[in-house]
Amino acid sequence: MTGRPNEEAASLFAEMALLMELSGADRFRVLAVARVARVLEAMPTDICDVPGARSGEDLSALVALEGIGESSARRIAEWCRTGRITDLEQLREGIPPGLIAILDLPGVGPALARSLWQNAGIVDLDGLEKAIADGRLEGIPRLGAKTIENLRQAIAERRRGAERMRLGRALPIAESIAAQVRALDGVDRVEIAGSLRRGAETIGDIDLLCVAEDGPAVARAFVTLDGVSRVLAEGSTRASVMRDEGIQVDLRIVPARAFGAALLYFTGSKQHNIALRQRAIDRGMHLNEYGLFKGPSRGAGDAQGRPVAAATEEAIYGKLDLPWIAPELREGETIAPPVPSDTLVTVEDIRADLHVHSTASDGSMEVEEIIRLARARGFHSIAVTDHSRSSVQANGLDVDRLHVHAARIRALAAQCRGVRLLAGSEVDILADGRLDYDDRTLGGLDLVVASPHAALRQSPDSATARLLCAVRHPRVHILGHPTGRLIGRRRGLEPDIRAIAAAAAATGTALEVNANSLRLDLRDAHIRIALDAGALIAINTDAHAPEQFDQLRYGILTARRGGLPADRCVNAWPARRLHAWLKDKSGEARRA
DNA sequence: GCCGTTTTCGGCCCGACTGTTTTCAGTCG
């Protein structure tokens, strides 16, 4: 099983929720269906393997799943048997598909989308754009000039390709804006919150939180900063702008005493907030962005008295009988993290980079520079792993060049103090699973990273067989960027990660989390599967230039989202343990 | 649509801001 059927079912339920919204369905029903989609997505095993799902005779096992009731169980069973959901198909017949793109515009919810459709006959983005240009929207109830102008801008921004932004681009932008806000009068503290703080691989907007007493003044200053292209909202406790960088930035302004509650609320995820607030209610309290309070909520604007906890996240989690939970683990329906947050790997834990390119193939660094940078970072080991011969586009090394290169690295290593320099290779895994060098050549290296670079569109079965060959190869230490995906550009391979992880655990081969922000491969969900299977993880930068060593933090964030404890990450091991593993990976894996 | 150490009915997290409104629905996070 590749795990794909659950994703397909999840996307159908997600579509159903959207269509229900557009059809004017009760919002709680919509939420319930959307929740089914998330449950299916998060499910570790094939939904159709649940007893009764394929036969459709006894749905009690499906109904027993959290969030799935009679209706959803029936729809899931129908999908498992026929690959169709009749209720969804009926919804599709009644609602123009182009409305979903309109609903997706910022500022457009189900009510407005429906109104545009029913009052103006608009069924897609092009139609909406024309109607605005023609002035056909005037006179529609509750649709004034401001709203029409906002629609026009939202379409223009969408057309400019305001897609989700990669973590590696968004975080530096956020840090620079945070510095601008920090410099404003009356601002005491600024933190990045939202999906960026959770380390999501792509983000939709930047959320900032700051401490200040004079909210309106700070909001005013924020919306007039350099780089603001449009003001979306401005109030006394929050403001929201579009920036020249093509991303929306929301600022929330709070007093210091409520900082923890605000940070918790503004970090999310939405699901995590809902779960925490429910937990508060279960304990006779209520939670909002100002704190955790005794008794039930009495509505907005009510004086809430003295909070049970508010100043720090730790205090609020504590009063809810929870340990502090790292932002990277605040995803999904369940609160309980897979591992204690204080065991998660950190940037400071990393003592070695085992995947780096030099000028011998397509890197810009001489080996001497690589050594210097490793030393500056306090690494005890660094591996030079240039490309192999099949990666012609990357100036991959044939066997003769590899011998010369490795000999030079070894000569430098002999006189290198403080850092152990490893002669390695990033060897191509060919489409059929063979490696790009013979075993004898590979056996002469200190470290072998095996990675797929070509034939990245092969079938899941072929990809699985291909990667299994590499994982089981006795000379391979690390499976590099296992899927070859590029975020937002290339899907990459879709192998059976469970099978790969099981083989990696059995052979002591580590699976790489490639820290390059375009890759982040393995991704968070795959890391969790690998850890459950007992596999080791490597976090490498795959640096081709000096500044790319800084991408390590993106790999760390991704690994933390996957629940990686430091002791399962080979790069965090002490030198002796790492080198014992490199010499005898299966033996060291058995001891681990 | 889902769910139940108050429940098989009546709730469902909570608050800020906008726009088109004379008191609030819609949207967002």
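Lettering follows sequence order; numbering is per chain, from 1.
Among the protein residues, Ser240(A) comes within range of no part of the nucleic acid, since none of its heavy atoms lies under 4.0 Å from any strand. Counting any heavy atom pair closer than 4.0 Å across all strands shown, Leu276(A) reaches no nucleic acid atom. Within the nucleic acid shown, Gln271(A) has no heavy atom closer than 4.0 Å to any nucleic acid atom. Nucleic acid contact class of Leu287(A) (heavy atoms, under 4.0 Å, all strands): sugar-phosphate only. Here Arg35(A) lies out of heavy-atom contact (under 4.0 Å) with every strand. Within the nucleic acid shown, Arg74(A) has no heavy atom closer than 4.0 Å to any nucleic acid atom. When heavy atoms are screened at a 4.0 angstrom cut-off, Ala261(A) is found touching no nucleic acid atom at all. Here Gly67(A) lies in heavy-atom contact (under 4.0 Å) with sugar-phosphate atoms only.
Between Arg279(A) and Asp321(A) no salt bridge is recorded (no basic side-chain N to carboxylate O distance below 4.0 Å).
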Show which side-chain atoms of residues 26-37 of chain A pair as donor or acceptor with protein atoms under 3.5 Å away, not counting sequence neighbours.
unit_1	atom_1	unit_2	atom_2	d
Asp26(A)	OD2	Phe28(A)	N	3.1
Asp26(A)	OD2	Arg29(A)	N	3.2
Arg35(A)	NE	Glu333(A)	OE1	2.9

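Inspection of the Thr202(A) and Arg166(A) side chains reveals no N or O donor paired with an N or O acceptor under 3.5 Å.
Atoms CG and CD, on Leu22(A) and Gln118(A) in that order, are 10.0 Å from each other to the nearest 0.5 Å.
Checking dG1(B), dC13(B), dG19(B) against the side-chain heavy atoms of Lys146(A) singles out dG19(B) as nearest.
Comparing the C1' positions of dG19(B) and dC13(B) gives a spacing of 25 Å, expressed to the nearest Å. Rounded to whole Å, the separation between the C1' atoms of dC12(B) and dT18(B) comes to 26 Å.
Between Ile274(A) and Leu232(A), it is Ile274(A) whose nearest contact on DNA chain B lies nearer the 5' terminus. In terms of position along DNA chain B, the nucleotide closest to Ile68(A) lies nearer the 5' end than the nucleotide closest to the other residue of the pair Asn273(A) and Ile68(A).
Screening Arg519(A), Glu201(A), Arg523(A) for a side chain to side chain contact (heavy atoms under 4.5 Å, CB included) involving Ile487(A) leaves a single residue, Glu201(A).
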For each nucleotide in nucleotides 24-29 of chain B, reading 5' to 3', give B when a protein heavy atom comes within less than 4.0 Å of its base, S when such contact involves only the sugar-phosphate, and - otherwise. --SSSB
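When both distances must be under 3.5 Å, the Watson-Crick or G-U wobble mate of dT8(B) does not exist.
In terms of phosphate contacts, Tyr290(A) brings no side-chain nitrogen or oxygen within less than 4.0 Å of OP1 or OP2 of dC13(B). Close to dG15(B), at under 4.0 Å from its OP1 or OP2, lies no side-chain N or O of Thr237(A).
Nucleotide dT21(B) is shown with an anti base, its glycosidic torsion being more than 90° from 0.
Residues Met20(A) and Met16(A) are in side-chain contact: their nearest non-hydrogen atoms beyond the backbone lie under 4.5 Å apart.
Thr267(A) places a side-chain N or O within donor-acceptor distance of the main-chain N or O of Leu263(A), the cut-off being under 3.5 Å.
Atom CE of Met16(A) and atom P of dG1(B) are 9 Å apart (whole Å).
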